[in-house]
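Inspection log for the structure reproduced underneath, given as structure tokens.
To find a chain, count down the sequence lines: A is the first, B the second, and so on, and within it residues start at 1. From a predicted model like this one, the values you see are computed outputs, not experimental measurements.
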There are 2 protein chains.
Amino acid sequence: MSDRISVRDVAAAAGVSVGSVSRVLNASGYASADLRQRVLDAVERLGYEPDFTARHLRTGHSRTISYLLPNIANPFLAAHLSEVERLTQQAGYSLLVGSSERPARDRELVAFFENRRLEGIIASPSYEYPDKAECPFTRTSLPTVVVDRDLGDAFDSVLVDHFNGLRQAMEYLLALGHRRVALFVSGDNLRPGREKLRGYRAALAAAGLPYDPALVYMPGSWLESSRHRMAEMLQLDQPPTALIALGTQLLSGAVHVVREQGLEIPRDMSVIGPGTMETLELMYPPLTALRYNFQSSARSTVQLMLERIAAATPPAPRRVMVAWDLVVGASCARAY
Amino acid sequence: MSDRISVRDVAAAAGVSVGSVSRVLNASGYASADLRQRVLDAVERLGYEPDFTARHLRTGHSRTISYLLPNIANPFLAAHLSEVERLTQQAGYSLLVGSSERPARDRELVAFFENRRLEGIIASPSYEYPDKAECPFTRTSLPTVVVDRDLGDAFDSVLVDHFNGLRQAMEYLLALGHRRVALFVSGDNLRPGREKLRGYRAALAAAGLPYDPALVYMPGSWLESSRHRMAEMLQLDQPPTALIALGTQLLSGAVHVVREQGLEIPRDMSVIGPGTMETLELMYPPLTALRYNFQSSARSTVQLMLERIAAATPPAPRRVMVAWDLVVGASCARAY
DNA sequence: TTGTATGCGTTATCAT
DNA sequence: ATGATAACGCATACAA
């Protein structure tokens, strides 16, 4: 059963040496047409396929890259991961997934990736290492492409333009006459949250409106109660007339409370949410949503990685910006 | 830079032979306390870590398993994958993901996994190979655990109990007085769809009600229009008064049309949907949903796999059933 | 143009 | 108890 055929078997069957077999298969060095044909025949006949591990040990190429991310179950990340997997496979690489929600695990995984001689790391860690000396990705020599995180400009980065996405959404709401907009976005400890807040505030400032922290909810970690915060906001003297909630859970919790209080969307509350496939149609009226192109983002990610792997000398770090689009549904109305 | 330290370096530093280093590190064979200590010190001092690839080549253990699935972006699959990844990592294994939506790609991936000497395959393919001779998983000698597919009883399987899930949901609706229930589930070409249909029909039969194909929508592949089908159903002489839609897209499309026609949930249409995190709260009134435990399902999957890998002689195939729970929300009402 | 021999970094099988 | 050495399966420098 464990009679795997090796180069030796092929060589014997073809009546040539192992070196010749290898040379033919890798198109390295010379080989006469005759010898070449005999080898190819034998390979075909025996169904030989070079052992990946042995080749890896010899050449140093593992043809495998890894994707380190906080949580595969997050719809945004899953969509991106899915595309990345497709493209890496297409390029002849395998994709190893590693999920990590804390720095210690980041370090473990990076050490693990190095030990396995992976060829690159796509990193979207759950911590941004303000102290660069502690950043596991700075310390590794593996080609790294950072996805939507601020890890300094030593890395190739694919960044989502949260800033302008939020500005766009806010300008849309402000144009509808809204002056008090609630903002529900994930963690201010990571780039996506920070940039969204920046965009939100920039739009307010540009319109000459004050920034009110009481209208902002940015849970640092998972599963805090967005229901509770929305309930609080509705109790304010001047409650929000619009809501931007960019996360399925954040949105669902907030919207639940809004409706529970007998408020109607969009009449009493305008809503902008995340543009993942599901949410777009699940709500009624159809959600006005911020959406970005996973496919193009994944394409950039993989392309940067492959270029960096192939490069003889490491290229200067590049950064790619991915834009959000505002897809107008029917969940926003003019402020009364 | 590429000055990786090897056993030889450690051996030299400790003043012992490479064999001794290996023996100490693998706790195989004898080693005096003194030698043992010297080796451990040297390892510590040099920061040595055995190269995974070389070890793999020598021992045959790749400590890697793969998960073959149709589509990572599917929320159900992503949730399951996420748990499986966590558990495999925890057990010291890496997880390679491979997505495939057609038999030819299944075969490619299996060949690829064999070539890389992975230790096992978790398979949830997009085709069930009625002709077993064509099934790539039958032909491979790699330990295989099948997830929610009917690939015959030669494999360990973790199966979701769609049959009883649907029976449960139907009994609930029938008890509320509904007699015409629309069913929107994915493909009848795979076990999940087939079993759901069986459960649906069993419940109807038990209640002495006729089965009407005009109320059933089971798209074979993605993205057909559930909106269109729902619109048709609402035109029937006797339109459905309840809907079971088990898929985020199926649900959102159908519900969209229902509301568009001015029907109210649950007054004019009772709805039961899929119990993924997002959907549960996103709808208003809160969705009554069928839900199953990803974690327990993932735990079974990984456990079966690890046992099979560890077993000296392959155990008889086992099958684990995972139950659905009906989580009652407020999207169902008594039939008028 | 082709064959031989060495090494990749381990582990495991021998002697000692 | 420990050390020398072969072997895992391949690629390649070198000899022929």
* Structure fact -> Between CZ of B:Arg4 and C1' of C:dG7 the distance, given in whole Å, is 16 Å
* Taking atom P of D:dG9 as reference, at what distance in whole Å does atom NE2 of B:His56 sit? ->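 Answer to the nearest Å: 11 Å.
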* To do: Just say parallel, tilted or perpendicular for the rings of B:Phe76 and B:Tyr292, cut-offs at 30° and 60°.
  =>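 Parallel.
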Between [options], which nucleotide has the shortest distance from any of its atoms to the side chain of [X]?
{"X": "A:Ser20", "options": "C:dT2, C:dT10, D:dC10", "value": "C:dT2"}
{"X": "B:Tyr30", "options": "D:dG3, C:dG9, D:dT2", "value": "D:dT2"}
{"X": "A:Val18", "options": "D:dG9, C:dA5, C:dC8", "value": "C:dA5"}
{"X": "B:Ser6", "options": "C:dT11, D:dT2, C:dG9", "value": "C:dG9"}
{"X": "A:Ala31", "options": "D:dG9, C:dT2, C:dT11", "value": "C:dT2"}

* Under 4.0 Å between any heavy atoms, over every strand shown, what does A:Phe52 touch: base, sugar-phosphate, or nothing? Just pick one. => nothing
* For A:Asp41, does the CG atom have more than 12 heavy-atom neighbours from other residues, nucleotides or ligands under 6.0 Å away? ->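 Atom CG in A:Asp41 is crowded, with more than 12 foreign heavy atoms closer than 6.0 Å.
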Distance check: side-chain N/O of [X] vs OP1/OP2 of [N], anything under 4.0 Å?
{"X": "A:Arg23", "N": "C:dT2", "value": "no"}
{"X": "A:Ser32", "N": "C:dT2", "value": "yes"}
{"X": "A:Ser22", "N": "D:dA11", "value": "yes"}

* Asked: Under 3.5 Å, is there an N or O donor on one side and an acceptor on the other linking the side chain of A:Arg58 and the base of C:dG9?
  ->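 Per atom types, no contact qualifies.
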* Asked: Less than 3.5 Å between a donor and an acceptor, one on the side chain of A:Arg117 and one on the base of C:dG9, is that the case here?
  -> no
* Carefully, step by step, assess B:Asp34 and B:Arg38 under the rule salt bridge (charged side-chain N to carboxylate O under 4.0 Å, His left out). => CA-CA 6 Å; B:Asp34 170 53; B:Arg38 293 220 309 278; 2.8 Å; yes
* Structure fact -> Sorted by position of nearest nucleotide on DNA chain D, 5' first, the leading residue of A:Thr59 and B:Ser17 is B:Ser17
* **Polar contact flag, side-chain donor to acceptor under 3.5 angstrom, B:Arg116-B:Ser66** =>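 Note: B:Arg116 and B:Ser66 side chains miss the donor-acceptor criterion.
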